[in-house]
**Student:** 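The structure follows.
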Amino acid sequence: MNMKNVRVRFAPSPTGPLHIGGVRTALYNYLFARKHGGKFILRIEDTDQTRFVPGAEEYIIESFDWCGIRFDEGVINGGPFAPYRQSERKSIYRQYAEKLIESGNAYYAFDTPEELNDLRKKQEKEKKTFTYNTVERKRLKNSISLNKKEVDELLEKNTPFVIRFKMPENEMIIMKDLIRGKVEVNTKTLDDKILFKSDGMPTYHLANVVDDHLMEISHVIRGEEWLPSLPLHVMLYRAFNWEAPEFAHLPLLLKPEGSGKLSKRDGDRLGFPVFPLQWKDPVTGEISTGYREEGYFPEAFINMLALLGWNPGDERELFTMDELIEAFSIERVGKSGSKFDPEKAKWFNHQYLIRKSDKELAELFIPVLKEKGVEVKPDAVVKIVGLVKERVNFVHELWDQSYFFFISPAEYDAKAAKKRWRPNSYEQISRLKEIIANIENFSSENIEDVVKKWIDENELGTGAVLNALRLVIVGALKGPHLFDIIALIGKEETLNRIDTGLKILGGKNIS
RNA sequence: GCACCGUUCGUCUAGCCAGGUCAGGACGCCAGGUUUUCAUCCUGGUAACACGGGUUCAAAUCCCGUACGGUGUACCA
């Protein structure tokens, strides 16, 4: 593989939000470019004016920004091959289509969409599929079946036309794919694809080949859905007499349930986001949630995506972007599609979360606390986060694991109370309250020492006393080390919670 | 229908190109241990080469076929 002057591109169509399959394609391109010291280009393929969706391009750019995927050239930052939006390159495509006509590799076709649709329907009834191919083109309305005079007349009268590729009749095309190896197709199974539409815009096939050539793209890394049109693209390079780039077709990301390509429309139906960022459909107003909004860290999201279809060949699973760049290679991309496991995605986030410093997490958690109407000193939040971060996958889950640090129990878990609030609990906890009230050094360790000593001296059951105490302090049998909680909420709050607990729980069980 | 691509534990995957391993790891799940609780953590377990032929002393690995799945088959990308 020629690794000099690596130039790769990601070329989305701005027809809506980018789904994670697209993000992964972009990621692999990015990793490949960085790995080989090449350039990564963002080109917008908006040749279908009817499918334009407002906000889609902005969404795509914001997504990559969030992911930490950076472009060297493209619609964001320009570059030597500007413009990078195909609608702005409109004027350059026609001449290339005409070059192909001149060289006998393409032809004008005047059939209307309606006529072709009718043909399709007719053949469908006969259980056949209509294809505009080497056989059919002879009896359709085009510059092959018509004589030159007829064609000139039609063109002069501004009859709408398209330009089609003239596929050779019977020729073996041998192609190389970096992931799949040799792929062979006979041209007789292919059709005369439209290269240039009657609205004056090129189709994807023409535009992508012309632009990739003009932009000196060295490797085309794209989704497997493009593999069936690879022969056409290879033939186009040949017809232009251009050197073709290397190709790599990435396996698809599949729906987790059943099978099939993950699609934009899958949305929230699946119980996990398929988009990096939240997307609000400009027409229906429908909102699809994104990984960012669900609380995923971009590093975790990228890490998870990178391992979906690629692996380093050893047993490492956690990678920073730089480590991914270092480890990545196209050869280690798998051939088969992958469903992805939402559970494992959470695990990745957990791994990144527990690796963050308590201070960093506290800063992320404080806004959540504010929303809950809780004002606490940042120092305390840092300590609390340190105690509970192992228990959660997301920052927003910290609240569930730590609310009892901030608010005293309003009620007590009924099951826990039944199990742990015994007839003698009231008396034991009342006595314990006096012990705690007299503790001067209110550190977790010291409180633990004093309380355990008291339990020993009075020959009480550690489990019985401490569970009852936890119930009173937390409101349920959960949470981190009890004495850490007590030390953090402080003596006054502890004593208050004991009083409340005794009042509410005490009466119930004494009778 | 036709063309192309694919198929290893439930999921992500290693191993395949250069045949010889009890088919390895991770997530999940289950069990045990640690713990005053829950969670974490530790230990162990669970579970796969789609099927059928062939080549070979030996096949997950090479070849052929079948099945199943996917993609494509638009004046969409």
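Below, read A as the first sequence line, B as the second, and so on, with proteins coming before strands; counting in each chain starts at 1.
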**Student:** Choosing from B:rU71, B:rU36, B:rC5, which nucleotide comes nearest the side chain of A:Leu227?
**Tutor:** B:rC5
**Student:** Tell me which nucleotide among B:rC5, B:rC75, B:rA77 gets nearest to the side chain of A:Val183.
**Tutor:** B:rC5
**Student:** Between A:Arg120 and B:rA74, is there a side-chain N or O to OP1/OP2 distance below 4.0 Å?
**Tutor:** yes
**Student:** Are the side chain of A:Trp454 and the backbone N or O of A:Ile435 linked by a donor-acceptor pair below 3.5 Å?
**Tutor:** no
**Student:** For A:Pro160, which contact category applies under a 4.0 Å heavy-atom criterion: base, sugar-phosphate, or nothing?
**Tutor:** nothing
**Student:** In terms of side-chain heavy atoms of A:Trp347, which of B:rC75, B:rA26, B:rC5 is nearest?
**Tutor:** B:rA26
**Student:** Give me the distances for all protein-to-nucleotides 39-44 of chain B N/O pairs that come in under 3.5 Å?
**Tutor:**
{"residue": "B:rU40", "atom": "O2'", "partner": "A:Glu390", "partner atom": "OE1", "Å": "2.8"}

**Student:** Of the nucleotides B:rU73, B:rC76, B:rA3, which one has an atom closest to the side chain of A:Lys193?
**Tutor:** B:rU73
**Student:** Taking only the side-chain nitrogens and oxygens of A:Lys419, find out if one of them lies under 4.0 Å from OP1 or OP2 of B:rU36.
**Tutor:** no
**Student:** According to the salt bridge (charged side-chain N to carboxylate O under 4.0 Å, His left out) rule, which pairs have a member within residues 382-392 of chain A, sequence neighbours left out?
**Tutor:** A:Asp358-A:Lys389
**Student:** Please work out which residues in residues 460-478 of chain A have a non-hydrogen atom less than 4.0 Å from an atom of RNA chain B and list them by number.
**Tutor:** A:Leu466, A:Asn467, A:Arg470, A:Leu477, A:Lys478
**Student:** Students often get this wrong, so: under 4.0 angstrom with heavy atoms, is A:Thr50 touching a base, only sugar-phosphate, or nothing?
**Tutor:** nothing
**Student:** Could you give the distance separating B:rU8 and B:rC16 at their C1' atoms, to the nearest angstrom?
**Tutor:** 11 Å
**Student:** Measure all distances between protein nitrogen or oxygen atoms and nitrogen or oxygen atoms of nucleotides 22-24 of chain B, and list the pairs falling under 3.5 Å.
**Tutor:**
none

**Student:** What I want to check is whether an N or O donor and acceptor connect the side chain of A:Thr129 with the base of B:rG1 at under 3.5 Å.
**Tutor:** yes
**Student:** Between B:rA60 and B:rG15, how far apart are the C1' atoms? Round to whole Å, please.
**Tutor:** 8 Å
**Student:** Which class fits the ring pair A:Tyr108 and A:Phe161: parallel under 30°, tilted 30 to 60°, perpendicular over 60°?
**Tutor:** perpendicular
**Student:** Does A:Arg164 make a cation-pi contact with A:Tyr132, if we ask for NZ or CZ under 6.0 Å from the ring centre and within 45° of the axis?
**Tutor:** yes
**Student:** Report all side-chain donor-acceptor pairs from residues 478-488 of chain A shorter than 3.5 Å, counting only partners two or more places apart or in another chain.
**Tutor:**
{"residue": "A:Lys478", "atom": "NZ", "partner": "A:Tyr403", "partner atom": "OH", "Å": "3.2"}
{"residue": "A:His481", "atom": "NE2", "partner": "A:Glu448", "partner atom": "OE1", "Å": "3.0"}
{"residue": "A:Asp484", "atom": "OD1", "partner": "A:Ser444", "partner atom": "OG", "Å": "2.6"}

**Student:** Side chain to side chain contact (heavy atoms under 4.5 Å, CB included) with A:Leu18: which of A:Phe275, A:Trp279, A:Phe10?
**Tutor:** A:Phe10
**Student:** For a quick check, tell me whether the side chain of A:His481 and the base of B:rU36 share a donor-acceptor pair closer than 3.5 Å.
**Tutor:** yes
**Student:** What are the atom names and distances for every N/O pair under 3.5 Å that joins the protein to nucleotides 9-13 of chain B?
**Tutor:**
{"residue": "B:rC12", "atom": "OP1", "partner": "A:Lys339", "partner atom": "N", "Å": "3.0"}
{"residue": "B:rC12", "atom": "O2'", "partner": "A:Leu307", "partner atom": "O", "Å": "3.2"}
{"residue": "B:rU13", "atom": "OP1", "partner": "A:Gly309", "partner atom": "N", "Å": "2.7"}
{"residue": "B:rU13", "atom": "OP1", "partner": "A:Ser338", "partner atom": "OG", "Å": "3.3"}
{"residue": "B:rU13", "atom": "O3'", "partner": "A:Asn311", "partner atom": "ND2", "Å": "3.0"}

